[in-house]
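Just so we're on the same page: letters track the sequence lines, and every chain starts at 1.
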Amino acid sequence: MGWTYTLKIQCVSGFFIIRDEATWEIPRFISMVGLQLVSFRDFWTFPFLVTAEDYSLKGKQYLGVTATKTFEGEPWDIMAENGLVYDFGAGLVKPISTITQHLYIKDAGQFYVSNGLLVPGSLRDDGKRVTDYSARFLWDSNSFRYSEVVCG
Amino acid sequence: MAKILSASCQSGSVTTEGYVISPATILSQGVKASTGIALIEQDQMTYVTSNASDIKDLITNLESIISDVVSALTGIDAVTTAPGSNAALISAITAAKAAITTQKDNLK
């Protein structure tokens with residue numbers, strides 16, 4: 001087993017796309033981090049998100065939240081349009097404005113490192129919220145290395 | 001890829017799955033109640049009505065009009081100075097009505 005940083009975690013507008021390169025990565029990640037993942041299309045994601053439809057209707061429930069906009073597209077596009085993010089801690093999709101977590105990451109040179117996975121919608125000191133990020137799981141330190149964190 | 005959903009429309013208001021979608025481009029008059037499909041592509045919404053009921057109503061009205069014309073001509077023909085002189089015309093109109101009835105019963 002190689003301890004390379006191959007497991008890639010992408011948060012796209014509050015939706016999660018996780019890609020592995022070796023079959024041992026997902027079960028080991030689940031074991032180490034305690035977050036359940038399931039296969040969806042050609043990637044892995046959280047079980048709650050696989051029920052995401054490819055359209056939302058204003059007024060109708062979308063992933064448990066009343067949609068504010070009628071929109072067709074990928075789940076992450078629909079979540080962005082409706083201002084929704086997945087809070088994996090609660091296991092629920094929520095309006096981004098209701099996320100109360102603050103962003104705690106430390107600068108590690110050209111990367112940011114955090115012990116935990118960032119909850120999309122987390123608040124930065126300047127009041128902006130995390131909408132997207134790209135991270136790798138560090139197998140040896142059980143932490144996450146973020147190469148890109150987008151706030152809006 | 002656009003999402004296609006069953007929809008209905010009345011007075012310019014398009015509804016699908018019980019929710020009004022707006023603003024939607026309606027590719028017909030959209031006045032009288034109709035059923036059709038809604039196409040949603042990103043934030044663009046289009047409603048396409050099924051014209052089948054409109055066409056059937058139109059043909060039904062044509063049938064009625066032709067029946068009245070035949071009745072009128074038959075009456076006129078009976079009292080004219082040369083009874084039976086319009087028989088061919090009446091037969092032609094009657095045949096036309098039968099053709100329209102057949103078309104109505106076999107709408108695609």
Side-chain angles (χ1 to χ4, degrees), chain A residues 10-17 19 39-46 48-86 92-98 120-121 129 131-132 150 152, chain B residues 1-64 103-108:
Chain A
Q10 284 181 285
C11 173
V12 184
S13 300
F15 189 94
F16 284 85
I17 297 172
R19 295 182 193 279
S39 177
F40 181 57
R41 299 187 185 175
D42 63 341
F43 54 83
W44 294 79
T45 192
F46 295 104
F48 190 82
L49 296 175
V50 301
T51 59
E53 292 190 277
D54 55 0
Y55 70 103
S56 65
L57 299 175
K58 185 179 179 180
K60 184 186 177 188
Q61 294 280 298
Y62 186 81
L63 291 173
V65 181
T66 302
T68 56
K69 192 167 182 182
T70 298
F71 195 83
E72 173 276 335
E74 294 287 1
W76 43 90
D77 295 327
I78 296 166
M79 289 174 70
E81 289 291 327
N82 284 282
L84 304 174
V85 294
Y86 180 63
L92 296 170
V93 164
K94 298 177 176 178
I96 192 169
S97 60
T98 66
R129 292 180 179 275
T131 57
D132 304 74
V150 178
Chain B
M1 185 184 297
K3 187 73 182 176
I4 301 171
L5 301 168
S6 295
S8 60
C9 178
Q10 184 162 23
S11 303
S13 179
V14 179
T15 303
T16 183
E17 298 182 14
Y19 299 90
V20 173
I21 57 171
S22 178
T25 301
I26 301 170
L27 300 182
S28 58
Q29 294 300 306
V31 178
K32 191 179 176 186
S34 67
T35 56
I37 56 170
L39 294 98
I40 307 173
E41 185 167 22
Q42 295 193 327
D43 60 352
Q44 301 297 309
M45 293 156 269
T46 304
Y47 175 74
V48 182
T49 187
S50 165
N51 289 115
S53 58
D54 279 352
I55 293 169
K56 190 166 184 177
D57 289 347
L58 177 64
I59 294 174
T60 300
N61 288 336
L62 277 173
E63 275 185 305
S64 176
Q103 186 182 7
K104 184 183 73 172
D105 293 339
N106 293 290
L107 279 176
K108 294 171 184 172

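Side chain to side chain, T49(B) and S34(B) meet the donor-acceptor criterion of an N or O pair below 3.5 Å.
Aromatic ring orientation, F46(A) versus F16(A): perpendicular (interplanar angle above 60°, classes split at 30° and 60°).
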Worksheet entry | Derivation of the side-chain contact (heavy atoms from CB on, under 4.5 Å) call for E81(A) and D43(B) | CA-CA 9 Å; E81(A) 289 291 327; D43(B) 60 352; 5.7 Å; no
Discussion item. Show, in sequence, the C-alpha distance, side-chain angles and deciding distance for Q42(B) and F71(A), and conclude whether the side-chain contact (heavy atoms from CB on, under 4.5 Å) test is met.
Written reply: CA-CA 5 Å; Q42(B) 295 193 327; F71(A) 195 83; 3.8 Å; yes
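Looking at Y55(A), the atoms closer than 4.5 Å to chain B (heavy atoms on both sides) all sit in the side chain, from C-beta outward. Using a 4.5 Å cut-off between heavy atoms, K60(A) touches chain B through backbone and side chain atoms alike. S22(B) does not touch chain A: none of its heavy atoms, backbone or side chain, sits under 4.5 Å away.
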